[in-house]
Amino acid sequence: MQSGKNEAQTKTDTSEKTDHHDSLRRIGSKAKAAIHLEGSYDEDGESNQLEWRNGQGQAFAQGGFKLENNKIVIPQSGLFFVYSQASFRVSCSDGDEERMGGVGPTPLSHRIWRYSDSIGSKVSLMSAVRSACQSTTQEDEYSSGQGWYNAVYLGAVFQLNKGDRLWTETNQLSELETDEGKTFFGVFAL
């Protein structure tokens, strides 16, 4: 009698475990493909570009997205929301204006590029430019060495193909803020 109870209990435990595993598999298969990367820049390093990092801070990748050679590789064709933000802190002292040859505003630019085999060349998906250190009524407040804080945010929906590669191009890298949550790049499937 006891043996029958143990057998029945084992069958129940096994079916519950299987049900849980099936449920988790179904949930996992319904999860949208997504990637979110954190940016970093090392002025002393060999690379003269913004480096994207996975697996640090809030960064993650799921659903087949990969980061290869600092580019996001699209896992399947479809509609995707592509986004990125570059945050800057620019010092607007008189020394900077002299260094720049007396030029007023400092342009801050951020762009997302796409390469697709179907196109055969790189094309700009999105770009934006902001001016820092511009002459305004707040000039005295900001030019006292406190700096200008500005973020360039990009985001839009695109039809992308499997194997497409996305990357960014950013100027004024020495002025970039790379603390967690300030400079990021990501894509998610719709």
Side-chain angles (χ1 to χ4, degrees), residues 32-75 80-101 103-115 122-134 136 138-139 141-158 160 164-189:
K32 297 284 187 185
I35 188 167
H36 179 85
L37 306 169
E38 295 280 338
S40 69
Y41 175 68
D42 181 11
E43 283 188 71
D44 301 327
E46 291 178 22
S47 176
N48 194 22
Q49 67 178 358
L50 176 56
E51 294 288 329
W52 296 110
R53 306 207 182 228
N54 188 9
Q56 292 181 236
Q58 299 298 315
F60 71 92
Q62 67 184 33
F65 273 106
K66 290 184 268 178
L67 177 63
E68 292 180 355
N69 298 319
N70 214 36
K71 297 174 182 170
I72 293 175
V73 180
I74 304 302
F80 295 88
F81 185 79
V82 180
Y83 63 93
S84 187
Q85 176 175 294
S87 297
F88 299 90
R89 180 180 42 151
V90 180
S91 175
C92 298
S93 66
D94 291 337
D96 282 345
E97 289 176 14
E98 288 172 16
R99 177 177 51 83
M100 296 179 68
V103 176
T106 300
L108 308 173
S109 70
H110 190 53
R111 175 184 307 266
I112 298 175
W113 291 97
R114 170 190 182 197
Y115 178 84
K122 73 178 188 176
V123 293
S124 175
L125 281 185
M126 300 179 266
S127 66
V129 178
R130 296 264 183 342
S131 294
C133 303
Q134 54 197 357
T136 67
Q138 298 175 338
E139 182 176 4
E141 182 181 328
Y142 290 112
S143 65
S144 65
Q146 293 178 17
W148 285 72
Y149 293 88
N150 211 329
V152 178
Y153 179 82
L154 306 167
V157 174
F158 294 93
L160 300 174
D164 284 2
R165 288 170 176 71
L166 306 178
W167 70 96
T168 63
E169 182 179 292
T170 308
N171 77 342
Q172 303 294 340
L173 292 172
S174 62
E175 311 292 345
L176 206 57
E177 291 265 300
T178 56
D179 295 339
E180 192 169 315
K182 292 188 176 182
T183 298
F184 50 84
F185 180 28
V187 182
F188 60 87

Is there a donor-acceptor pair closer than 3.5 Å between any side-chain N or O of T183 and the backbone N or O of E177?
yes
Would you say D164's side chain and R114's backbone share a donor-acceptor pair under 3.5 angstrom?
no
A86 to T170 - nearest heavy-atom pair and separation:
CB-CG2, 4.2 Å
Nearest non-hydrogen partners of L108 and V152, listed with the distance:
O-CG2, 4.0 Å
Could you tell me the separation between the NZ atom of K122 and the CZ atom of R165, rounded to the nearest 0.5 Å?
15.0 Å
Give every residue pair that meets the side chain to side chain donor-acceptor pair (under 3.5 Å) criterion with at least one member in residues 53-65, sequence neighbours excluded.
S40-R53
Under the ring pair (Phe, Tyr, Trp, His ring centres under 6.0 Å) test, residues paired with Y115 that sit two or more places apart:
none
Spacing of T178 atom OG1 and F88 atom CZ [to the nearest 0.5 Å]:
11.5 Å
Determine whether a donor-acceptor pair (N or O, by modelled atom type, separation under 3.5 Å) exists between the side chain of Q172 and the backbone of S109.
no
Non-neighbouring partners of S124 that pass side-chain contact (heavy atoms from CB on, under 4.5 Å), sequence neighbours left out:
R111, W113, S127
With sequence neighbours excluded, what pairs up with K71 under the salt bridge (Lys or Arg N to Asp or Glu O under 4.0 Å) test?
none
From I72 CD1 over to L37 CG, what is the distance, rounded to the nearest 0.5 angstrom?
4.5 Å
Could you walk me through whether H36 and F188 pass the ring pair (Phe, Tyr, Trp, His ring centres under 6.0 Å) test, one step at a time?
CA-CA 8 Å; H36 179 85; F188 60 87; over 10 Å; no
For the atom pair CD1 (I74) and CG (L166), what is the distance rounded to the nearest 0.5 Å?
4.5 Å
Ignoring hydrogens, what is the shortest heavy-atom contact between Y83 and V187? Give both atom names and the distance.
CE2-N, 3.7 Å
Shortest non-hydrogen contact from E38 toward G181
OE1-N, 3.2 Å
Report the distance from atom OH of Y153 to atom OG of S87, rounding to the nearest 0.5 Å.
12.0 Å
Residue set satisfying ring pair (Phe, Tyr, Trp, His ring centres under 6.0 Å) with F60, at least two apart, ordered chain then number -> none
Partner set under ring pair (Phe, Tyr, Trp, His ring centres under 6.0 Å) for F185, not counting sequence neighbours
W52
Exercise: identify the closest heavy-atom pair between P75 and A33:
CG-CB, 4.4 Å
Verify, without hydrogens or angle tests, whether Q49 (side chain) and E169 (backbone) share a donor-acceptor contact under 3.5 angstrom.
no
Supply the atom-to-atom distance L160 CG to L125 CG, rounded to the nearest 0.5 angstrom.
6.5 Å
Polar side-chain atom of N70 near backbone of L50 as donor-acceptor pair, under 3.5 Å
yes
